[in-house]
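Report on one structure; see the data block that follows.
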Amino acid sequence: MQAMTDILRTPSDLAALLKSQRQSAGLSKTALAQRAGKVREVIYRLEAGEDVTVSSLMAVLTALGLVLRAERAGLPSPQEMA
């Protein structure tokens with residue numbers, strides 16, 4: 001299994017990663033929601049970079065076989081903020 005080293009600094013970064021992972025797994029939004037035990041709206045919101053609860057995010061990450069790792073980092077660059 002390939003290790004992922006994506007650094008996510010914005011909700012849109014997370015949205016793009018989750019959508020890519022869902023599509024790579026061959027899952028529809030409905031199928032991912034069912035696997036995560038959440039309503040389909042959660043997947044739509046995550047992939048749009050909108051707010052969801054932490055528990056919903058964790059359930060979707062788990063359903064995709066992903067984990068969340070937090071580490072100390074500096075402020076994002078102006079390019080990353082753009």
Side-chain angles (χ1 to χ4, degrees):
M1 175 178 262
Q2 180 181 0
M4 291 179 47
T5 58
D6 295 275
I7 295 176
L8 309 174
R9 294 198 184 256
T10 65
S12 61
D13 291 344
L14 177 60
L17 173 71
L18 292 175
K19 182 176 183 177
S20 171
Q21 290 296 304
R22 176 183 60 77
Q23 291 173 334
S24 292
L27 295 169
S28 67
K29 290 176 179 140
T30 300
L32 177 55
Q34 289 173 341
R35 186 182 282 190
K38 299 294 175 181
V39 296
R40 188 176 56 184
E41 177 69 18
V42 168
I43 308 307
Y44 280 97
R45 292 181 64 78
L46 279 169
E47 290 188 4
E50 297 176 4
D51 290 341
V52 299
T53 64
V54 172
S55 62
S56 290
L57 172 60
M58 297 307 289
V60 171
L61 289 172
T62 299
L64 288 170
L66 301 173
V67 295
L68 181 66
R69 186 176 91 187
E71 59 186 57
R72 187 172 302 279
L75 294 174
S77 70
Q79 293 79 15
E80 291 171 324
M81 292 298 291

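Legend: residues meeting side chain to side chain contact (heavy atoms under 4.5 Å, CB included) with K19, ordered by chain and number and at least two apart, are R22, Q23, E47. Partners of E50 by side chain to side chain contact (heavy atoms under 4.5 Å, CB included), not counting sequence neighbours, listed by chain and number: R45, A48.
The line from CG of L68 to OG1 of T62 is 10.0 Å long, rounded to the nearest 0.5 Å. To the nearest 0.5 Å, atom CE of residue M58 and atom OG1 of residue T53 are 11.0 Å apart. Rounding to the nearest 0.5 Å gives a distance of 7.5 Å between CG of L64 and CD1 of I43.
Of all non-hydrogen atoms in A63 and L32, the two that sit nearest each other are CB-CD1, 3.8 Å. Across A15 and G49, no two heavy atoms sit closer than the pair CB-N, 3.6 Å.
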Practice task
Assess whether side-chain contact (heavy atoms from CB on, under 4.5 Å) is satisfied between V52 and V60, documenting all intermediate values.
Solution key: CA-CA 11 Å; V52 299; V60 171; over 6 Å; no
Exercise for the section: May I have the step-by-step check of side-chain contact (heavy atoms from CB on, under 4.5 Å) for Q34 and S28, ending in yes or no? Expected result: CA-CA 10 Å; Q34 289 173 341; S28 67; over 6 Å; no
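Looking at L61 and L18, their side chains come closer than 4.5 Å, going by heavy atoms from C-beta outward.
For the residue pair T10 / S12, a side-chain donor-acceptor distance below 3.5 Å is found, with atom types taken as modelled.
When the side chains of ILVMFWY residues are joined at heavy-atom separations under 4.5 Å, either directly or via intervening members, L17 and V54 end up in a single hydrophobic cluster.
The number of heavy-atom neighbours closer than 6.0 Å to CZ of R9, taken from other residues, nucleotides and ligands shown, is above 12.
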